[in-house]
Every structure is written in structure tokens, then in C-alpha cells.
Amino acid sequence: MRVITYGTFDLFHEGHRRLLERARALGDHLVVGVTTQQYDDGRGKLNVRQPLMDRVRSVEATGLVDEVILEEYEGQKISDIQRLGIDIFAIGSDWAGKFDYLNDYCRVVYLDRTKGISSTQLRDESAGLSIGVVGSGRIARRFVQEARFVSGVDVESVYSRTLANARRFADELELASVHDSYEDLLAAVDAVYIASPHGHHYEQARTAIEAGRHVLCEKPIALTTAEAEDLFARAKAADVVLLEALKTAFLPGFQRMVGVARSGSIGDIRAVEATFTKLVHGGRELAGPEGGSISELASYPLLAIVKLLGTEPDRLATRTIDNGSVDVFARIDLDYPHAIASATTGLGVKSEGDLVVAGTNGYVYVSAPWWLTEYFEARYEDPSRNRKFYYKLEGDGLRYEVAEFASMIRDGSRESFRLRPEESIAIAGMIERARTGSTSFA
Ligand code: C2G
């Protein structure tokens with residue numbers, strides 16, 4: 001029987017070795033396809049550290065492999081299987097279901113992935129960064145799936161307030177350990193990703209920082225300036241990374257849009273209008289005291305405004321429509337010295353989610369959903385000068401913030417220019433002012 005498997009095999013570890021061992025045991029000839037940098041770029045695998053030849057050498061050094069080939073393009077697996085006369089395609093169970101289409105060409109076997117690599121290995125340079133997940137909701141699930149596309153990151157543990165929720169989450173996502181004590185989770189990991197309800201962010205981030213853990217915290221990192229300032233000051237004193245998981249900030253397309261708008265190509269920026277609305281029907285997002293369209297969604301439009309116009313507006317005024325307990329629609333107006341901006345949010349109210357940056361020579365237009373920036377245009381009075389920009393966005397965009405967080409920890413940097421502490425603090429302050437000082441309509 002001839003068996004084939006594929007992988008990046010970056011920073012070769014015990015999980016990789018066991019996978020190869022079991023793949024080898026399925027037959028008598030094992031072929032391993034090692035992914036090239038270009039292929040990994042194409043499929044959105046981020047932060048691969050080792051050059052191709054080093055990764056090939058680690059695979060060969062196991063002595064388990066009869067033949068190594070390179071995986072260079074999408075669709076190659078089908079031709080490899082036929083060309084090499086393969087009987088069995090084997091791959092880790094994190095890919096369960098994804099390669100069923102190969103059943104037309106050979107037998108497909110999903111082998112259980114090895115759980116808890118980070119804890120079974122000496123914590124040295126080659127060990128991954130172990131991130132514990134706080135919370136077991138929808139965003140936490142997407143985070144775990146996206147983090148698997150970031151090399152050098154192991155997400156193996158989850159903390160949830162009820163053990164049953166943590167168990168369900170860990171079973172579904174094949175995580176090694178569950179915790180119903182936050183302290184136990186902190187003791188088991190290098191860093192945490194906080195995806196609990198907003199009202200818990202501050203306490204949980206503070207506790208993690210005090211325990212010397214790096215923190216990636218869902219937006220909004222805090223609902224007041226004071227809390228945001230306090231957290232960043234504590235992170236600095238403890239020499240740990242504290243990063244707000246405001247995914248748009250880390251997207252290549254969004255960064256380029258800000259670069260184009262601020263480069264002078266549209267002249268001086270005079271106005272920014274950004275909208276984010278989402279249809280929900282009840283649930284935690286629509287319940288007080290922490291819910292509402294501003295706390296749920298304003299981080300995104302305020303990010304665009306802060307990146308384009310800075311952290312210090314002269315004035316902020318908000319009008320909202322309430323459902324009796326929280327705001328369901330809001331328009332936050334900000335005045336800057338030479339520009340004005342508005343951030344519009346809606347929960348259970350739908351509008352066009354686009355972004356317009358008006359300048360003295362032209363404007364930038366980002367169509368909905370602008371916060372997943374894949375495409376934008378610079379437009380001018382003379383349309384023949386218009387330019388279109390395209391950027392590929394992999395997955396749902398979460399992997400870019402994971403990659404940034406992991407790189408910061410690895411490189412010892414404590415601040416990211418993509419989302420600086422002052423910017424997160426300013427956004428928290430704007431959210432606080434918008435929520436407390438709004439003129440409301442029922
Ligand atoms: N693996 C494992 N246990 C782990 C980590 C990884 O069993 N703790 C397995 C993966 O499931 C995969 C192999 O080791 O089968 C290689 O993993 P990666 O290098 O992360 O490669 P991957 O991104 O899974 O690429 O075409 C490429 C393939 O899609 C696999």
C-alpha cells in the first residue's frame with residue numbers, strides 16, 4: 001500500500017512525528033508532500049518560520065519517509081495521487097471532511113491529531129506559543145479554527161464558566177484540556193485570548209496580566225478610558241503583550257487603504273463616514289447593561305476614524321435609537337480640527353456597510369463589508385484617474401490578528417503600529433462618551 005500525506009511541518013514537533021508514524025503504519029511506502037512558501041501564501045498559512053529546505057530535512061530526518069515531494073499549487077493532490085499510484089491519503093483530523101473529494105481517487109484516512117503538544121514538550125525555542133481560550137461562544141470557535149493557520153501557535157485549552165460548555169467546546173474542536181477555574185487555565189498557557197462577554201474583559205485581562213500572561217482581548221477591550229488605560233499601564237509594567245483583537249486593524253487590505261488615503265493621493269482628508277450594522281434578534285448583544293450597537297460594533301468604524309484622523313477629536317456627539325434597554329442604532333459624530341467623521345452602528349437595523357474617505361483631491365471608497373477589506377477604490381473628479389486595489393483576505397480575517405500577536409511575543413515587541421495602545425485607549429474613550437452622553441430617541 002502506498003500512502004501520501006501533506007503538511008508545512010514548520011518547527012517540527014511531536015504531533016508531526018506521530019502523524020507520520022501512523023501514516024507510515026497504514027502501508028509500506030510513505031510519500032510526504034511538504035508545502036512551498038508560495039503554496040502556503042496562497043492558502044493563507046501565516047508566520048511559517050523555517051525555509052522549505054529545513055522543513056524537508058526535518059521530515060527526512062524522522063527516517064519514516066520513503067519519498068519527499070513539494071506541494072506547490074492548489075489541485076496538486078489529485079495529480080500526485082494518480083501519478084504516484086497512491087492507495088491511501090492520510091491527514092490530521094483537524095482537516096476532517098475537507099479532503100473527502102479525494103475519495104474518488106484513493107482511500108482517505110483522517111488520523112487523530114495529537115493534543116497538547118505544548119505541554120508534552122520542553123518549552124524551548126521550537127515549542128509553539130500556547131494560547132488558552134477564554135469563553136466558548138461563536139467567536140471563540142472561529143478563533144480556534146483560524147489560529148490553526150498560524151504556524152507556531154497551539155490552542156489547546158479552554159476556560160468557560162461552566163465545565164459543560166468548556167467540554168463541549170473542547171470536544172468539538174479537539175482541544176487537550178478544559179478548565180472551569182481561570183487561574184488553572186492561566187497556569188497552563190503562555191497567553192490568553194479573551195472572548196467572554198464585554199463586561200468580563202477588564203477583570204480577566206487584568207488577572208492574566210498579573211499572572212504574567214500575554215493577552216489578546218476581543219473588542220471592545222474595555223468600555224471606559226480609565227479601564228483601557230489601566231490595562232495598558234499594567235501590561236507595560238509586567239512586560240507582556242496586550243493587544244485588542246480588532247481584526248480589521250491587521251488586515252493587509254485595510255492597512256493599504258489607510259496608506260493610500262493618508263498618502264496625499266486624495267488630498268487632505270476632510271471627512272470619514274463608516275457604517276457597521278448587523279441583524280440580530282435578541283440575545284446577549286441586545287441586553288443591558290453592556291449590550292447595544294455601540295458597544296458591540298462601534299469599535300470598527302471608530303478604528304477607521306482613528307487611523308485616518310487621529311486619536312483626538314475636539315468634540316463627540318451621539319444620537320441613538322433605543323429599544324428600551326440598549327441602543328439599537330447610533331450615529332457618533334466626531335469633529336476634528338480640519339475634518340468631520342461619523343460612525344454609524346445598528347443592531348437589528350440594517351444599512352449599507354461602506355466606508356467613504358473624502359479628500360480635497362478625491363475620495364476613497366470601500367464597499368461593504370469594508371471591515372473585511374479586500375477591495376477599495378481611489379476615485380477622482382476625472383474618472384479616468386480612478387484606481388482599484390485588491391487584496392486577498394484569507395478565512396474570516398481572524399488569523400491576521402493571531403499572527404500579529406504571536407509575532408509580537410516572539411520578537412519581544414510590546415506595541416504594534418497596526419493598533420497602538422493609544423488607539424485602543426482612544427476607541428474605548430469614544431465608546432464610553434458615545435454610550436454615556438448620547439441624545440436618545442425611543
Ligand atoms: N498534526 C497533528 N497534530 C498536531 C499538529 C499537526 O497530527 N498537534 C498534523 C496535521 O493534522 C497535519 C500534519 O500534522 O496532518 C502537518 O501539519 P501542518 O504542518 O500544520 O500542515 P497543515 O497546515 O495541516 O497542512 O496541503 C497541506 C495540508 O493541507 C496539511
Side-chain angles (χ1 to χ4, degrees), residues 3-26 30-62 64-65 68-81 84 86 88-102 105-106 108-121 123 126-131 144-157 170 173-177 189 394-395 399 402-403 406:
V3 184
I4 196 164
T5 189
Y6 294 85
T8 306
F9 302 104
D10 190 31
L11 308 171
F12 198 88
H13 57 60
E14 187 59 17
H16 294 140
R17 200 184 54 76
R18 285 195 211 160
L19 187 285
L20 294 182
E21 239 168 38
R22 283 169 302 151
R24 181 70 177 76
L26 292 170
L30 177 62
V31 184
V32 177
V34 179
T35 60
T36 61
Q37 168 95 49
Q38 196 187 339
Y39 177 68
D40 277 332
D41 287 346
R43 72 186 179 122
K45 182 117 181 177
L46 306 178
N47 285 16
V48 174
R49 300 263 301 278
Q50 293 184 298
L52 174 61
M53 288 319 291
D54 290 1
R55 292 183 283 116
V56 167
R57 269 192 287 271
S58 320
V59 168
E60 283 172 343
T62 60
L64 295 161
V65 179
V68 173
I69 60 169
L70 302 185
E71 183 174 32
E72 300 178 83
Y73 57 90
E74 202 181 327
Q76 184 184 321
K77 291 185 179 80
I78 291 177
S79 52
D80 287 344
I81 288 166
L84 301 169
I86 297 296
I88 299 173
F89 168 86
I91 195 96
S93 53
D94 40 332
W95 293 97
K98 298 265 167 45
F99 291 107
D100 289 357
Y101 68 90
L102 294 174
Y105 304 92
C106 66
V108 175
V109 176
Y110 298 104
L111 298 165
D112 283 346
R113 65 188 291 282
T114 307
K115 297 176 180 179
I117 301 301
S118 39
S119 54
T120 61
Q121 222 175 25
R123 307 224 38 86
S126 70
L129 170 76
S130 90
I131 306 181
V144 175
Q145 289 161 339
E146 283 278 302
R148 291 194 176 144
F149 283 89
V150 183
S151 192
V153 167
D154 298 319
V155 183
E156 298 288 357
S157 342
L173 293 158
E174 301 186 83
L175 307 188
S177 59
V189 296
E394 298 295 342
R399 67 188 67 174
V402 184

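Only this structure's heavy atoms are used, side chains among them; waters, hydrogens and symmetry mates stay out. Numbers here are sequence positions counted from 1. Ligands are counted one by one from 1 in listed order, and the atoms in each one are counted from 1 as well.
In this structure Ala406 satisfies the side-chain contact (heavy atoms from CB on, under 4.5 Å) test together with Asn47, Leu129, Val153, sequence neighbours excluded. With sequence neighbours left out, Arg43 forms a side-chain hydrogen bond (donor to acceptor under 3.5 Å, both in side chains) with Thr8, Asp40. Residues passing the side-chain hydrogen bond (donor to acceptor under 3.5 Å, both in side chains) test with Lys45: none are found, sequence neighbours excluded.
Relative to the six-membered ring of Tyr6, Lys77 meets both conditions, a distance below 6.0 Å and an angle of at most 45° to the axis.
Looking at Glu174 and Ser93, their side chains do bring a donor and an acceptor atom within 3.5 Å of each other. Side-chain contact of Asp80 with Tyr105: a donor-acceptor pair under 3.5 Å is absent, judged by distance alone.
Protein residues with a heavy atom closer than 4.0 Å to ligand 1 are Tyr6, Gly7, Thr8, Phe9, His13, Gly15, His16, Leu19, Thr35, Tyr39, Arg43, Lys45, Glu71, Lys77, Ile91, Gly92, Asp94, Trp95, Phe99, Arg113, Thr114, Ile117, listed by chain and number.
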